[in-house]
Visitor: 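Have a look at this one before I ask anything.
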Amino acid sequence: MTYHPKSDFINVMMTRGFLADCTDYQGLDEALSKGVLPAYIGFDATAKSLHVGSLIQIMMLRWLQKTGHKPITLMGGGTTKVGDPSFRADERPLLGPEQIDDNIAGIKQVFSAYLTYGDAPTDAMMINNAEWLDDLNYLDFLRDIGRHFSINRMLSFESVKSRLDREQSLSFLEFNYMILQAYDFLELNRRYGCLLQMGGSDQWGNIVNGIDLTRRVLDQEIYGLTSPLLTTSDGKKMGKSQAGAVWLNPDMCSPYEFWQFWRNTTDADTGRFLKLYTELPLEECDRLGALEGSEINAAKIILANEVTTLLHGAEAAEAAEATAREVFEKGGVGDDLPTLTLSAAELGDGISIVQLIVKSGLAKSGKEAKRLIAENGARMNDATLTEAGTIINATALATPIKLSAGKKRHALVQLG
C-alpha cells in the first residue's frame with residue numbers, strides 16, 4: 001500500500017507490521033492528526049489471565065498512548081456472559097458473574113505494565129461493558145438497536161458463515177454477540193467520545209457492524225483498524241507453546257517460562273517479533289532479524305529480554321536470562337545434567353514427548369512417562385507438560401530442551 005500517513009500512530013502500525021486493514025485510512029489519519037483520539041480494544045474475561053495471543057493488541061494500545069492518544073481497555077463483563085462465536089467450532093462454556101469478576105481482576109494486573117492509567121488527556125481508561133449491557137431492556141433494545149441489523153448481512157460474515165458451512169450449531173445467544181459488540185462501540189462513542197475500535201482481523205465483521213450502527217443511530221463518523229491474525233512461521237497459533245497457553249500473569253506462567261518462550265522463537269520469526277513485541281528501532285529489528293546461524297541466538301535473547309522487561313520488569317528478565325544460562329550452558333544448577341543428543345535421523349519428522357522422557361532416562365517405560373505427565377510431574381523448560389501426545393520436532397529443538405521429572409531429576413535434550 002502506497003499511502004503515506006501524517007500521524008505517528010498509523011506510521012508505527014504500518015512500518016512495524018501491526019496493520020491488516022482499516023475502514024478509512026485517510027479519514028482515521030486526519031482524525032489522529034487533529035489531537036488526542038480515544039480508541040478501544042475489547043477483552044473478554046474467559047480466563048484469569050490473557051495469553052501471548054493478546055499481546056499484539058496490548059502493544060497496539062501502548063503505541064497509541066506513546067504517540068499521544070487515549071487507550072480504552074474495555075473489559076467484557078457483559079459480553080462474556082454470551083461468548084464470542086468468532087471462528088469457534090463449538091459454543092463457549094457460560095461463566096457466572098462471580099467467575100467473570102474474578103477473571104477481570106486477574107486480567108487487570110497485566111495492563112498496568114503496558115499502559116498509564118489516570119485522568120490526564122492521554123491516560124488510559126478501563127471500562128466494563130456490564131456498565132450498559134447489564135441493565136438493557138430487551139424490548140427497547142430490539143426496537144432501538146435490533147432494527148438496524150440485517151440478518152442477511154450478519155449471515156454473510158466469515159465468522160458466522162464458517163460455522164454454518166460446517167453445519168455446526170450456532171445458538172441464538174451467540175448470534176446476538178455481534179449486536180452487543182456493535183452496541184459497545186456506540187456506547188463508548190456516546191459516553192467517552194471513542195472514535196476507533198481495534199482488534200484482530202477475525203473481528204472485522206463485528207467492528208464494521210459497530211461503525212454502521214453508530215453512523216445510523218448517532219450520525220457519527222468512526223473508524224476500525226485490524227491487526228493480522230498471527231501464526232508462527234511453522235503455522236502454529238501465536239500464544240501456544242509445547243506445554244500449552246503462555247499466560248501473561250506471573251502466577252500462571254513464571255517470568256522464566258515466559259522468557260524461555262521468546263528465546264525459543266524460530267529464526268524466521270525473530271525479526272518480525274522484534275518489531276511487534278519490542279520497542280527497539282526498526283533498523284535494529286531488521287539487523288537482528290537478518291543474523292544467521294548461531295548469531296541469531298543473540299537476537300533471540302534480546303527479544304526475550306525486551307519482551308519480558310515490558311511485562312515483568314528488567315530484574316525478572318535478567319534473572320530469567322541468568323537461569324537459562326545456568327541451565328543450558330553450564331549444564332544445570334549445581335550439578336551436571338545428563339544430556340541426550342539426538343541425531344537428525346533419530347528425530348525424523350518428530351518424536352513424542354513420552355519417548356523423549358524414556359530415552360533421557362527420566363522414566364523406565366512409556367506407561368510410567370504417561371503417568372508422570374497425567375500427575376503433572378513432568379516439565380519441559382520448567383513448564384508443566386499436560387499433553388502426552390506432544391510431538392517435539394527440529395524447530396522445538398533449535399535450542400536444547402530441559403526435561404524434568406519431579407523437582408530433582410532433570411535432563412537436557414539436544415540435536416547432534
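All of these numbers come straight from a predicted model, not from anything done at the bench.
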Visitor: Which atom names give the shortest non-hydrogen contact between G210 and F185, and what distance separates them?
Guide: C-CD1, 4.0 Å
Visitor: Taking the six-membered ring for Trp and the full ring for Phe, Tyr or His, determine whether the centres of W247 and F258 are under 6.0 Å apart.
Guide: no
Visitor: Are the side chain of K70 and the backbone of D123 linked by a donor-acceptor contact shorter than 3.5 Å?
Guide: yes
Visitor: Using modelled atom types only, decide if a donor and an acceptor are shared between the side chain of R287 and the backbone of E283 within a distance under 3.5 Å.
Guide: no
Visitor: Ignoring hydrogens and geometry beyond distance, is a side-chain donor-acceptor pair present between N297 and S294 at under 3.5 Å?
Guide: no
Visitor: What verdict does the salt bridge (charged side-chain N to carboxylate O under 4.0 Å, His left out) test give for E131 and R191, after you've listed the backbone C-alpha separation in whole Å, the side-chain angles of each residue and the deciding distance to 0.1 Å?
Guide: CA-CA 11 Å; E131 193 181 304; R191 292 168 187 237; 3.0 Å; yes
Visitor: Counting only heavy atoms not in D219 (residues, nucleotides, ligands), do more than 12 fall under 6.0 Å from its CG?
Guide: no
Visitor: Between A45 and I107, what is the shortest heavy-atom contact and its length?
Guide: CA-CD1, 3.9 Å
Visitor: Taking the side chain as everything from C-beta on, heavy atoms only, tell me whether E306 gets closer than 4.5 Å to E279.
Guide: no
Visitor: Say whether, by atom type as modelled, one donor and one acceptor occur between the side chain of S201 and the main chain of A20 under 3.5 angstrom.
Guide: no
Visitor: Can you tell me how far CG of L64 sits from CD1 of I72, rounded to the nearest 0.5 angstrom?
Guide: 9.5 Å
Visitor: Are R371 and E368 close enough for a salt bridge, meaning some N to O gap below 4.0 Å?
Guide: no
Visitor: Take Q57 and S227 through the test side-chain contact (heavy atoms from CB on, under 4.5 Å) and record every step on the way to the result.
Guide: CA-CA 8 Å; Q57 320 296 346; S227 60; 3.6 Å; yes
Visitor: Please tell me if the side chains of I207 and T226 come closer than 4.5 Å, counting only heavy atoms from C-beta onward.
Guide: yes
Visitor: Quick one: does L32's side chain get under 4.5 Å of H69's, heavy atoms only?
Guide: yes
Visitor: Can you check whether Y40 and Y192 have ring centres sitting under 6.0 Å from each other?
Guide: no
Visitor: Should K48 and D102 count as an ion pair when the cut-off is N to O under 4.0 Å?
Guide: yes
Visitor: What is the minimum heavy-atom distance between T309 and A317, and which atoms define it?
Guide: OG1-CB, 3.3 Å
Visitor: Looking at D140, I'd like to know if its CG atom is crowded, meaning that more than 12 non-hydrogen atoms belonging to other residues, nucleotides or ligands lie closer than 6.0 Å.
Guide: yes
Visitor: In sequence, state the C-alpha distance, the side-chain angles, and the governing distance for F43 and F111, and then conclude on ring-ring contact (aromatic ring centres under 6.0 Å, His included).
Guide: CA-CA 11 Å; F43 298 89; F111 288 112; 4.9 Å; yes
Visitor: Hey, does M126 have a side-chain heavy atom less than 4.5 Å from the side chain of M75?
Guide: yes
Visitor: Rounded to the nearest 0.5 Å, what separation is found between the CG atom of L385 and the OG1 atom of T390?
Guide: 6.0 Å
Visitor: Quick one: do Y183 and E187 satisfy side-chain contact (heavy atoms from CB on, under 4.5 Å)? Show the steps, please.
Guide: CA-CA 6 Å; Y183 185 65; E187 281 295 334; 2.8 Å; yes
Visitor: Less than 4.5 Å apart, any side-chain heavy atom of R190 and any of L218?
Guide: yes
Visitor: Quick one: do Y177 and D44 satisfy side-chain hydrogen bond (donor to acceptor under 3.5 Å, both in side chains)? Show the steps, please.
Guide: CA-CA 12 Å; Y177 184 90; D44 271 349; 2.8 Å; yes
Visitor: Check for a donor-acceptor pair, side chain of N11 on one end and backbone N or O of S7 on the other, with a separation under 3.5 Å.
Guide: no
Visitor: Please check this pair: side chain of S404 against backbone of G406, looking for a donor-acceptor N/O pair closer than 3.5 Å.
Guide: no
Visitor: Tell me, do W259 and I301 make a side-chain contact under 4.5 Å, heavy atoms counted?
Guide: yes
Visitor: Report the C-alpha separation of Y117 and M125 in whole Å, then their side-chain angles, then the decisive distance to 0.1 Å, and conclude whether the side-chain contact (heavy atoms from CB on, under 4.5 Å) test is met.
Guide: CA-CA 6 Å; Y117 287 87; M125 298 172 76; 5.6 Å; no
Visitor: Using modelled atom types only, decide if a donor and an acceptor are shared between the side chain of S254 and the backbone of P250 within a distance under 3.5 Å.
Guide: no
Visitor: Determine yes or no for a side-chain-to-main-chain donor-acceptor pair under 3.5 angstrom, with D29 supplying the side chain and P5 the backbone.
Guide: no
Visitor: Treating N209 as the side-chain partner and A182 as the backbone partner, does any N or O pair qualify as donor plus acceptor under 3.5 Å?
Guide: no
Visitor: Is the closest side-chain heavy-atom distance between L230 and L276 below 4.5 Å?
Guide: yes
Visitor: Go through I302 and L280 one step at a time and tell me if the side-chain contact (heavy atoms from CB on, under 4.5 Å) criterion holds.
Guide: CA-CA 10 Å; I302 290 169; L280 292 175; 3.8 Å; yes
Visitor: Got a donor-acceptor contact below 3.5 angstrom from the Q65 side chain to the T116 backbone?
Guide: yes
Visitor: Return yes if a side-chain donor-acceptor contact under 3.5 Å exists between S49 and N249, otherwise no.
Guide: yes
Visitor: Just how far is it from atom CG of L303 to atom CG of L274, taken to the nearest 0.5 Å?
Guide: 4.5 Å
Visitor: Could you walk me through whether Q203 and N206 pass side-chain hydrogen bond (donor to acceptor under 3.5 Å, both in side chains), step by step?
Guide: CA-CA 5 Å; Q203 295 299 315; N206 290 334; 2.9 Å; yes
Visitor: Which residue is it: L55, L61, T73? I am looking for the one with a side-chain contact (heavy atoms from CB on, under 4.5 Å) to Y114.
Guide: L55
Visitor: Roughly how far apart are D269 CG and T231 OG1, rounded to 0.5 Å?
Guide: 8.0 Å
Visitor: To the nearest 0.5 angstrom, please state how far the OG1 atom of T122 sits from the NZ atom of K66.
Guide: 12.0 Å
Visitor: Cut-off 3.5 Å, side chains only: do Y256 and T308 have a donor facing an acceptor?
Guide: no
Visitor: Could you tell me if the side chain of W262 sits less than 4.5 Å from the side chain of V246, heavy atoms only?
Guide: no
Visitor: Report the distance from atom NE2 of H148 to atom CZ of R215, rounding to the nearest 0.5 Å.
Guide: 14.0 Å
Visitor: Is it the case that the side chains of W132 and D184 hold a donor-acceptor pair, with the cut-off being a distance below 3.5 Å and no angle test?
Guide: yes
Visitor: Would D286 and K275 pass as an ion pair if we require N to O under 4.0 Å?
Guide: yes
Visitor: Just by distance, with hydrogens left out, do N305 and E321 show a side-chain donor and acceptor under 3.5 Å apart?
Guide: yes
Visitor: Could you give me the CA-CA distance, side-chain angles and deciding distance for R216 and D212, then say whether salt bridge (charged side-chain N to carboxylate O under 4.0 Å, His left out) is met?
Guide: CA-CA 6 Å; R216 287 166 185 258; D212 198 37; 3.2 Å; yes
Visitor: Taking the side chain from R16 and the backbone from R272, do they hold a donor-acceptor pair closer than 3.5 Å?
Guide: no
Visitor: Write down the atom of L186, the atom of T214, and the distance for their closest heavy-atom approach.
Guide: CA-OG1, 3.4 Å
